Novice: 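Attaching a single structure in structure tokens format; questions to follow.
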Amino acid sequence: MADVVLKNVTKVYEGGTVAVRNANIEVKDKEFLVLVGPSGCGKSTTLRMIAGLEEITEGELYIDNELVNNVSPKNRNIAMVFQNYALYPHMTVAENMGFGLKLRKYKKDQIKERVNEAAEILGITDLLDRKPKALSGGQRQRVAVGRAIVRHPKVFLFDEPLSNLDAKLRVQMRTEISKLHQKLEATMIYVTHDQTEAMTMGDRIVIMKDGDIHQIDTPLKLYNHPANKFVAGFIGSPSMNFVDGKIIKENGLYFVDKENTINIKVFTEHEHALANYVDKEITAGIRPENIHHPSTAKAESMDEIEVTLDVTEPMGNEIFLYFNIAASNCIARIAAIEEPEPGQKMQLYVDAAKIHYFDKESEEAILK
């Protein structure tokens with residue numbers, strides 16, 4: 001396998017539209033790297049530049065320490081799995097999987113050996129004589145992956161491969177692709193708009209927006225230490241709550257919202273970083289799972305807030321509570337100890353130690 005390095009890679013389309021701006025990414029050998037972000041952020045364009053399907057406007061791309069800017073896609077020793085499977089309907093599964101090898105003049109027995117090997121890895125040996133129309137969506141996706149495996153490429157590229165599958169099958173295929181990565185010990189670069197896919201599959205994740213890379217890190221570090229407000233809001237489900245307010249000093253530091261409906265004591269270890277923000281507007285970020293029912297609020301860093309519930313969503317073992325703090329719509333994710341009613345006033349507890357703070361103007365994280 002191989003590493004992949006992008007150095008200041010930029011893609012500008014005719015008319016001046018910048019799709020990717022100064023991308024610097026180093027994909028390690030055997031790593032599973034995920035590119036994630038909203039539609040139009042440049043993640044698929046980045047993948048297509050690695051594949052050679054899009055020309056690089058500026059910058060350098062290395063695969064296995066070789067500069068490949070001007071190397072054709074077929075000579076980059078990569079394999080790509082597309083969103084729409086791209087299977088030939090008149091060919092059997094075996095013929096589809098071996099077609100790329102046939103074009104490269106491999107011998108029939110070599111093709112058969114590689115196809116059988118890939119089919120066994122993917123558990124589709126009994127499907128080799130079927131046509132694509134006789135397969136389910138998940139089976140077709142396995143065939144598309146198998147077609148990549150038989151190539152024995154240096155790098156696997158996945159462009160939103162699960163987006164056409166239903167929710168249950170997506171979860172199953174996520175697990176299967178992760179197992180495949182472990183089994184092949186391959187370098188894989190995976191594009192998705194689904195942050196849950198990114199968090200569960202990636203060794204590291206690249207967060208993109210509007211052509212820019214906002215952060216590259218492991219899933220846990222992205223969750224616990226987001227670089228800015230965008231990353232904080234993008235990672236986590238339900239999304240982080242954001243409340244505008246300011247820091248005040250009264251026998252310690254407190255965060256208060258604009259309407260003084262909440263008054264939360266700043267966690268001791270955060271005071272030094274927030275000392276320069278006294279009487280300045282900032283944004284507090286509170287994850288739904290860090291807002292607790294009174295019966296589960298055990299930590300010393302818990303601070304009480306009173307809210308009026310707008311909507312409640314029982315989820316079985318937990319309940320989502322929707323309410324407003326000042327002009328901000330917020331969600332709490334609490335244990336299903338009771339089932340509150342919409343319109344009910346309720347005391348909840350915020351874990352001050354888990355609050356994130358962001359500069360109002362730059363939106364960069366204040367706590368590093």
Side-chain angles (χ1 to χ4, degrees), residues 1-9 11 20 23-37 42-54 56 59-83 86 97 100-101 104 114 117-118 120-122 141-162 173-192 194 197-208 213 215-222:
M1 295 301 163
D3 55 3
V4 178
V5 178
L6 287 75
K7 293 185 177 180
N8 299 313
V9 168
K11 175 64 180 180
V20 178
N24 286 285
I25 305 171
E26 183 174 343
V27 190
K28 300 168 187 172
D29 185 30
K30 301 179 183 178
E31 184 177 24
F32 196 123
L33 187 89
V34 180
L35 305 176
V36 66
K43 55 189 184 294
S44 288
T45 302
T46 302
L47 195 77
R48 289 173 65 83
M49 285 192 288
I50 295 170
L53 303 177
E54 294 277 3
I56 295 172
E60 298 174 337
L61 171 65
Y62 295 86
I63 298 177
D64 199 15
N65 296 318
E66 179 189 354
L67 181 64
V68 297
N69 286 46
N70 298 316
V71 176
S72 67
K74 67 178 183 179
N75 294 325
R76 294 191 181 190
N77 202 2
I78 52 93
M80 191 161 178
V81 180
F82 296 92
Q83 178 179 343
M97 289 172 64
L101 300 180
R104 288 169 174 79
R114 289 200 183 187
E117 177 188 42
E120 188 173 342
I121 289 172
L122 295 165
Q141 191 56 269
R142 285 188 187 90
V143 176
V145 173
R147 186 176 52 198
I149 290 175
V150 299
R151 297 267 310 279
H152 293 180
K154 288 183 178 179
V155 181
F156 287 85
L157 307 179
F158 294 86
D159 191 7
E160 305 213 33
L162 309 184
M173 286 300 296
R174 281 206 310 256
T175 304
E176 291 191 14
I177 291 175
S178 294
K179 286 181 180 177
L180 182 66
H181 174 246
Q182 294 170 12
K183 188 176 293 186
L184 297 178
E185 294 187 330
T187 304
M188 293 185 174
I189 305 173
Y190 187 103
V191 161
T192 180
D194 185 334
E197 268 183 36
M199 291 288 283
T200 54
M201 298 175 75
D203 296 324
R204 287 189 304 150
I205 301 171
V206 179
I207 308 283
M208 298 185 71
I213 293 174
Q215 191 171 352
I216 304 176
D217 224 322
T218 63
L220 280 180
K221 286 185 178 177
L222 287 171

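Keep in mind that this is a model prediction, so the values were computed, not measured.
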Novice: Measuring from atom CD1 of I50 to atom CG of L6, what distance do you get when rounded to the nearest 0.5 angstrom?
Specialist: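 Between I50 CD1 and L6 CG, I get 5.0 Å after rounding to 0.5 Å.
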Novice: Looking only at side-chain N and O atoms, does R204 offer a donor or acceptor that is under 3.5 Å from a partner on T218?
Specialist: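 No, no side-chain donor-acceptor contact under 3.5 Å.
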Novice: Using modelled atom types only, decide if a donor and an acceptor are shared between the side chain of D3 and the backbone of K30 within a distance under 3.5 Å.
Specialist: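 A pair under 3.5 Å: no.
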Novice: Can you sort out the partners of E160 under salt bridge (Lys or Arg N to Asp or Glu O under 4.0 Å), two or more places apart, ordered by chain and number?
Specialist: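 So E160 forms no salt bridge (Lys or Arg N to Asp or Glu O under 4.0 Å) with any residue.
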Novice: Looking at CG of L35 and CD1 of I205, how far apart are the two atoms once the value is rounded to the nearest 0.5 Å?
Specialist: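 Those atoms lie 10.5 Å apart.
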Novice: Take L67 and N69, measure what side chain to side chain contact (heavy atoms under 4.5 Å, CB included) needs, and give me the verdict at the end.
Specialist: CA-CA 6 Å; L67 181 64; N69 286 46; 3.2 Å; yes
Novice: Under the salt bridge (Lys or Arg N to Asp or Glu O under 4.0 Å) definition, can you give me all pairs with a residue in residues 42-54, not counting sequence neighbours?
Specialist: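 Matches after skipping sequence neighbours: K11-E54, R48-E54.
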Novice: Using only atom types and a distance under 3.5 Å, with no angle test, would you say the side chain of H181 pairs donor to acceptor with the backbone of A186?
Specialist: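 Side chain of H181 to backbone of A186, a donor-acceptor pair under 3.5 Å: yes, one is there.
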Novice: For E60, does the CD atom sit with more than 12 other heavy atoms under 6.0 Å from it, leaving out its own atoms?
Specialist: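 Result for CD/E60: enclosed.
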Novice: Within the side chain of R151, is there an N or O that forms a donor-acceptor pair under 3.5 Å with the backbone of L101?
Specialist: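 Side chain of R151 to backbone of L101, a donor-acceptor pair under 3.5 Å: no, none is there.
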Novice: To the nearest 0.5 Å, how far apart are CZ in F158 and CE in M80?
Specialist: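 Reported to 0.5 Å precision, the distance equals 10.5 Å.
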Novice: Where the side chain of R76 meets the backbone of V68, is there a donor-acceptor pair that is under 3.5 Å apart?
Specialist: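 Looks like yes, one N/O pair under 3.5 Å.
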Novice: How long is the straight-line distance from NZ of K183 back to CG of L180, given to the nearest 0.5 Å?
Specialist: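 So the CG of L180 and the NZ of K183 are separated by 7.5 Å.
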Novice: So, the side chain of R142 versus the backbone of M173: is there a donor-acceptor pair under 3.5 Å, distance only?
Specialist: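 No: the side chain of R142 does not pair with the backbone of M173.
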Novice: Please check this pair: side chain of D217 against backbone of L222, looking for a donor-acceptor N/O pair closer than 3.5 Å.
Specialist: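 It does not hold such a pair.
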Novice: Distance check, rounded to the nearest 0.5 Å: L122 atom CG versus E176 atom CD?
Specialist: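 L122 atom CG to E176 atom CD measures 8.0 Å (nearest 0.5 Å).
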Novice: What is the distance from atom OH of Y190 to atom CG of L33, rounded to the nearest 0.5 Å?
Specialist: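 The distance works out to 13.0 Å.
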